[in-house]
Protein chains: 2
Amino acid sequence: MPSKYRSNALAAVHETAADLHRVGGMDQKTMRKFDALCLTPIQEMTPEKIRALRTRENASQTVFAAYLNVTPSLVSKWERGEKRPQGASLKLLSLVDRKGLEVVA
Amino acid sequence: MPSKYRSNALAAVHETAADLHRVGGMDQKTMRKFDALCLTPIQEMTPEKIRALRTRENASQTVFAAYLNVTPSLVSKWERGEKRPQGASLKLLSLVDRKGLEVVA
DNA sequence: CACACTATAGCACTGAGTGCTATAGATGAA
DNA sequence: TTCATCTATAGCACTCAGTGCTATAGTGTG
């Protein structure tokens, strides 16, 4: 699990403030850094949460898996706590949580 | 890599047709199956493609990684062909490709 | 010059994810 | 009732994606 993003982002703010302090404009890179700070924090997903999410979307494990481009077997394991989603998988799940299955269609 | 989705989806169409044949409406599950067929196919991502994608979005590897909730180290490896994204990572990348970095913010 | 950011590189490690098969509970149709 | 289909669970072996860390070099900026 990425652990440095939060502090990295905070560091970015600090630097961004410094950039703003300097008269002139923000360049694209700085904009991006600022954006990164605005990223929705990713929270852990419990097995229950994942299942609730899927049923909320009226999807079977198979269909749900198809949306996420993973195997149905993996979705089953997530829901039974045998594996826990991380990185990109977790990001995708939290995206579905906030915006629905449609956004990943 | 999931390999059965395509044929599963085709099977779903067949069944959906049967469902429609039966007088009445489609239920939510069937709808979902139909939706699954409409999923944008995921194409492989070459290292060049990934780098082009990131630079198109004006993001450093670090910022790009933050968006995808992975480590900067991994992005570097993707771009150098040391690792190839799969499953959820690939899905996320193709999402950014089609809709831009903002959608995963 | 020094400082900060960026990217590359290498290495050891681990567990997420794959692929397969088998089982059993629903559900629904003939 | 039986037959068939979809669904979910389970177990197992395997592999490589992803992590975490550190060090290096290039670039640009004050």
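Note that these values count all heavy atoms, side chains included, but never hydrogens, waters or copies made by symmetry. Chain A is the first sequence line, chain B the second, and so forth, proteins listed ahead of strands; every chain is numbered from 1.
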- For N58(B) and dC5(C), what is the distance between atoms CG and P respectively, to the nearest whole Å? 19 Å

- Angle between terminal axes - the helix from dC1(C)-dG30(D) to dA30(C)-dT1(D), 5 pairs each end, rounded to 10°: 60°

- Residues forming a side chain to side chain contact (heavy atoms under 4.5 Å, CB included) with K83(B), sequence neighbours excluded: L74(B), K77(B), W78(B)

- Query: What distance separates L93(A) CG from I42(A) CD1, expressed to the nearest 0.5 Å?
  - Reply: 9.5 Å

- Whole-Å distance separating the CD atom of Q86(B) from the C1' atom of dG19(C): 12 Å

- Item | S73(B) side chain near dG20(D) phosphate (N/O to OP1/OP2, under 4.0 Å) | no

- Item | Contacts of type side chain to side chain donor-acceptor pair (under 3.5 Å), residue K49(A), not counting sequence neighbours | D97(A)

- Task: Check whether the side chains of S76(A) and R80(A) place a donor and an acceptor atom closer than 3.5 Å, and report yes or no.
- Result: yes

- Message: Does dG18(D) have its OP1 or OP2 closer than 4.0 Å to a side-chain nitrogen or oxygen of S89(B)?
- Response: yes

- Note on the structure: Atom CG of L92(A) and atom C1' of dG17(C) are separated, to the nearest Å, by 14 Å

- Do any N or O atoms from the side chain of K91(A) and from the backbone of Q86(A) form a donor-acceptor pair under 3.5 angstrom? no

- Query: Is any side-chain N or O of S76(A) closer than 4.0 Å to OP1 or OP2 of dA10(D)?
  - Reply: no

- To the nearest Å, give me how far apart CG (L68(A)) and P (dG17(C)) are. 10 Å

- Query: What's the CD-P distance between Q61(B) and dT6(C), to the nearest Å?
  - Reply: 10 Å

Enumerate the protein-to-nucleotides 22-26 of chain C contacts in which both atoms are nitrogen or oxygen and the separation is below 3.5 Å.
none

- K91(B) NZ - dG18(D) P separation (whole Å): 16 Å

- Task: For M45(B) and dG18(D), give me the distance from atom CE to atom C1', rounded to whole Å.
- Result: 18 Å

- Apply side chain to side chain donor-acceptor pair (under 3.5 Å) to S94(A) and list each qualifying residue two or more places apart in sequence or on a separate chain. none

- Note on the structure: Residue pair V75(B)/L74(A) against DNA chain C: nearer the 5' end by closest nucleotide is V75(B)

- Note on the structure: One should read off an interatomic distance between F64(A) CZ and I50(A) CD1, to the nearest 0.5 angstrom, of 7.5 Å

- Item | Separation of atom CG in N69(B) from atom P in dG20(D), rounded to whole Å | 10 Å

- Message: Please give me every residue in residues 77-85 of chain B whose heavy atoms get under 4.0 Å of an atom in DNA chain D, ordered by residue number.
- Response: K77(B), W78(B), K83(B), R84(B), P85(B)

- Query: Is the backbone of N58(B) close enough, under 3.5 Å, to the side chain of T55(B) for a donor and an acceptor to pair up by distance?
  - Reply: no

- Item | dT6(C) phosphate, OP1 or OP2, under 4.0 Å from R54(B) side-chain N/O | no

- Is the distance from OP1 or OP2 of dT19(D) to the nearest side-chain N or O of T71(B) less than 4.0 Å? yes

- What pairs with Q61(A) under side chain to side chain donor-acceptor pair (under 3.5 Å), at least two apart in sequence or on another chain? E79(A)

- Item | Listed nucleotide nearest any side-chain atom of R51(A), set dT18(C), dT8(C), dT9(D) | dT9(D)

- Heavy atoms, side chains only, cut-off 4.5 Å: are R51(B) and R54(B) in contact? yes

- Taking side chain to side chain donor-acceptor pair (under 3.5 Å) as the test, write out the residues that go with T46(B), two or more places apart. E48(B)

- Query: Backbone N or O of A88(A) within a donor-acceptor pair of the N69(B) side chain at under 3.5 Å?
  - Reply: no

